There are 2 protein chains.
Amino acid sequence: MTQNSGNANSHPTIKDVAALAQVAPKTVSRVINEEPYVSSTTKERVLSAIKELHYRPDVHAADLKRGKSSSRTLGVLLGARPNPFSSSVHWSIDSVAVQHSSLVLASALTGNQDRDSKTVDEMLSRRIDGLILVTAASSQDYLIPEMRRGLAVVFADSTSMGLPSDTVMSDNYAGAINGTRALLSIGHRNMAYLGAKKNVYTVSQRRKGFLAAVKESSLPMGNIDLVDDMDECKAYTVTCRLIDRARTKRPTAIFAGQNLIARGVIRALRTRGLEKSIAIISFDDADMFDMLDPGITVIKQNPENIGRIAANMAFERINGLTAEPRHILLPTELIPRGSGEIPPSQ
Amino acid sequence: MTQNSGNANSHPTIKDVAALAQVAPKTVSRVINEEPYVSSTTKERVLSAIKELHYRPDVHAADLKRGKSSSRTLGVLLGARPNPFSSSVHWSIDSVAVQHSSLVLASALTGNQDRDSKTVDEMLSRRIDGLILVTAASSQDYLIPEMRRGLAVVFADSTSMGLPSDTVMSDNYAGAINGTRALLSIGHRNMAYLGAKKNVYTVSQRRKGFLAAVKESSLPMGNIDLVDDMDECKAYTVTCRLIDRARTKRPTAIFAGQNLIARGVIRALRTRGLEKSIAIISFDDADMFDMLDPGITVIKQNPENIGRIAANMAFERINGLTAEPRHILLPTELIPRGSGEIPPSQ
DNA sequence: CTGAAAGCGCTAACAA
DNA sequence: TTGTTAGCGCTTTCAG
């Protein structure tokens, strides 16, 4: 037992292994990194010393010397309230990362600028190779110098807000147009749009899509209720207000700009027993939407693909790709389940 | 522009800052670490140099020197298929970590031993301070040497399987007894238990709780269908088989050992139009369970608390606590919503 | 095939 | 109040 090999409170080092195997540290290093030119007997000895000491190389120390500042670690920042969508994106990124022997430092963005930038600082201080921002709402200009140094930044389900970085998201505009057209095509002439914060890019695209479809149908805007900044709770309240209006003045169809908003709307419709009388379409699916009665018609995204593509783009950059920023739009799918096919009630 | 300060591909170092501010590296270090005894003018100069170069200290290099192998990073391993429960635990851990200026390395366990232990290795090589295993199924004996070196290991929603580490989980046994008693008290005499893999500790506790309640009611075991290894899909199939039996032989109530299993059961009941005739209770809640008709009665857990407590215990250990392993059981709550209050149909 | 020396970015210990 | 030296764990470079 040389050095600190028996020390309960610290990791054995390459020196401890070297001492036990009676070789030089560099030889241990060769074995660890599977470099050639190590005799098989030496290798054996080193390997068994590693095992005996439960030695585990310190990647940070190794990277420090290598100078390539590649920690094989990816940062992922989740901007949205925890929900199945962002979870899927996250785990999809994780599974790509594992294939690249990388790990994911994950954290939730809170919207509090100070706290969030502290989180990013912590990640950057740990020398992450890439950063994927999922559903990020605010601008991240301070990342520019980091990008110049080679940090691979990818925005998933959000726009890069001026940063020259790759982006992946659903084609929110086209998806919203599609859904809205479906509503219009079955005769709805009074509709409501309940959307999230419209300063978020994806939300604004959905809003625009909705409006574009309305416009092409030549419906007067007087027939449309447009409400922004919704969340589940507010959506409930607003929907109650909308449907408590005189029958001729109330919307016969509701476009929910997000799954949580849809939940609020559905709750409200149910309290009035109107869930089979007023149509609703939700942008983004949610668990159990198919099991309600009626089933909720949704504009479905593909979060797994978004995560996978984001991660792949990040690794391409990490591996040296220097092409122009790429902007991927993924198609959405309109899934009719009943709630979106309800005709206008009068 | 001294050293590599203008280099596009690498981070500026403390030396670059020192050169620009015309001080010694150690002085920069003092400023970074907010040590006393730095004149305010010097401090200013250093700070502005830091800003100009977009300098960010490398925590790994710092820790290396400090020798305390504290990377202020926590590992979190999620063992269950992505679902709202594990998501909540995860984000709850994250929010505690941030308070401790720590970051979370998160990864999903796959069940594939080789791949999973590679993931743990990667985390250990990054010198995480603690490891929280959420819903881990298999034994993790190889962690023992790491624990001896001071790695704080906490099991959340799972047992430590012999390892002397802290654990937090719901009181699965009591919760299951409670739910089952509720079913029995309204007169059910033919019941089915559909549970997940029974080699998972929490699952086995639920199973035992169910059986204990049955036993105390002196119901003959012949009246009970006990099925293990269910998932959503299998639960659907099995439920179909159960309810297609003769009316006198089929269960009048179903205990679903997990929310995904409950989903399969609910789907099956609906295809037969039996959702209002056969009772169901689900262990663990899920989004929208309250909005179905009837609402799904659940034995509710508190994932946020599980995550928070797990993280707190981990940080206590990291900060030197050496008490005996603690095992926390959190109460569950039976939430009646309709489906669990359906009386036996004959 | 193997080893010795130097140094990655940082800070502890000591000096000035 | 500031600077110097040494060394954390590892790998590079170069010499055996």
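Each chain gets a letter, A, B and so on, in the order its sequence line appears, and its residues count up from 1. In this text, all values refer to a predicted model and were calculated from it rather than measured experimentally. Values reported hereafter were calculated over all heavy atoms of this structure, with side chains retained and with hydrogens, waters and symmetry mates removed.
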Quiz item: Is Arg66(A) salt-bridged to Asp63(A), cutoff N-O under 4.0 Å?
Solution: yes

Quiz prompt | Residues touching DNA chain C, which here means a heavy atom under 4.0 Å, drawn from residues 36-49 of chain B | solution = none

Practice problem: Report the residue (Ala62(B) or Pro25(B)) whose heavy-atom-nearest nucleotide on DNA chain D is the more 5′ of the two. | Solution: Pro25(B)

Self-check item: Short side-chain to backbone donor-acceptor contact, Asp58(A) and Arg127(B), under 3.5 Å
Solution: no

Quiz prompt | Any residue of residues 117-126 of chain A with a heavy atom less than 4.0 Å from an atom of DNA chain D | solution = none

Exercise. Figure out the CD/P separation between Glu34(B) and dT11(C), and round it to whole Å.
Key: 12 Å

Quiz item: Do NZ/NE/NH1/NH2 and the carboxylate oxygens of Arg126(B) and Glu122(B) come within less than 4.0 Å?
Solution: yes

Quiz prompt | Under 3.5 Å: donor-acceptor pair, side chain of Asn319(A), backbone of Phe315(A) | solution = yes

Quiz item: Quick check: are there more than 12 heavy atoms from other residues, nucleotides or ligands sitting under 6.0 Å from CD of Gln22(B)?
Solution: no

Quiz item: Is any side-chain heavy atom of Val23(A) closer than 4.5 Å to a side-chain heavy atom of Val46(A)?
Solution: yes

Self-check item: Angle between terminal axes - the helix from dC1(C)-dG16(D) to dA16(C)-dT1(D), 5 pairs each end, rounded to 10°
Solution: 40°

Quiz item: Can you check the Ile14(B) CD1 to dG3(D) P distance for me, whole Å?
Solution: 12 Å

Exercise. Take atom CZ of Arg127(A) and atom P of dC8(C), then tell me their distance rounded to the nearest Å.
Key: 15 Å

Quiz prompt | N or O in side chain of Thr27(B) less than 4.0 angstrom from dG3(D) OP1/OP2 | solution = yes

Exercise. Could you tell me the separation between the NE2 atom of His11(B) and the P atom of dC8(C), rounded to a whole number of Å?
Key: 16 Å

Quiz prompt | Spacing of Lys15(A) atom NZ relative to dT11(D) atom C1', expressed in whole Å | solution = 13 Å

Quiz item: Between dG7(D) atom P and Leu64(A) atom CG, what is the distance in whole Å?
Solution: 17 Å

Do any N or O atoms of the protein come closer than 3.5 Å to N or O atoms of nucleotides 12-16 of chain C, and which pairs are they?
unit_1	atom_1	unit_2	atom_2	d
dA12(C)	N7	Lys26(B)	NZ	3.4

Quiz item: Has the side chain of Arg56(A) got a donor or acceptor atom that lies under 3.5 Å from a matching backbone atom of Ser125(B)?
Solution: no

Quiz item: Any donor-acceptor pair under 3.5 Å linking the side chain of Thr42(A) with the backbone of Val38(A)?
Solution: no

Self-check item: Atom NZ of Lys43(A) with >12 non-hydrogen neighbours under 6.0 angstrom
Solution: no

Quiz item: Taking the six-membered ring for Trp, is the centroid-to-centroid distance between His90(B) and His90(A) below 6.0 Å?
Solution: yes

Quiz item: Heavy atom of residues 54-61 of chain A under 4.0 Å from DNA chain D: which residues?
Solution: Tyr55(A), Pro57(A), Asp58(A), Ala61(A)

Quiz item: Name the one of Asp116(B), Thr135(B), Val120(B), Ile132(B) that satisfies side chain to side chain contact (heavy atoms under 4.5 Å, CB included) with Leu77(B)?
Solution: Val120(B)

Quiz prompt | Protein-nucleotide distance (Ile50(B), atom CD1; dG9(C), atom C1'), rounded to Å | solution = 14 Å

Quiz item: Quick one: does Ile50(B)'s side chain get under 4.5 Å of Leu53(B)'s, heavy atoms only?
Solution: no

Quiz prompt | Test item: Ser158(A) side-chain N/O and Phe155(A) main-chain N/O as donor-acceptor pair under 3.5 Å | solution = no

Practice problem: Salt-bridge test for Glu316(B) and Arg326(B): reply yes if a basic N is under 4.0 Å from a carboxylate O, no otherwise. | Solution: yes

Quiz item: How many Å lie between CD1 on Ile32(B) and P on dG9(C), as a whole number?
Solution: 13 Å

Practice problem: For Asn112(A), enumerate each residue passing the side-chain contact (heavy atoms from CB on, under 4.5 Å) test, keeping only those at least two apart in sequence or located in another chain. | Solution: Thr110(A), Asp114(A), Arg115(A)

Quiz item: Under 4.0 Å between a Lys/Arg side-chain N and an Asp/Glu carboxylate O for Asp129(B) and Arg72(B)?
Solution: no

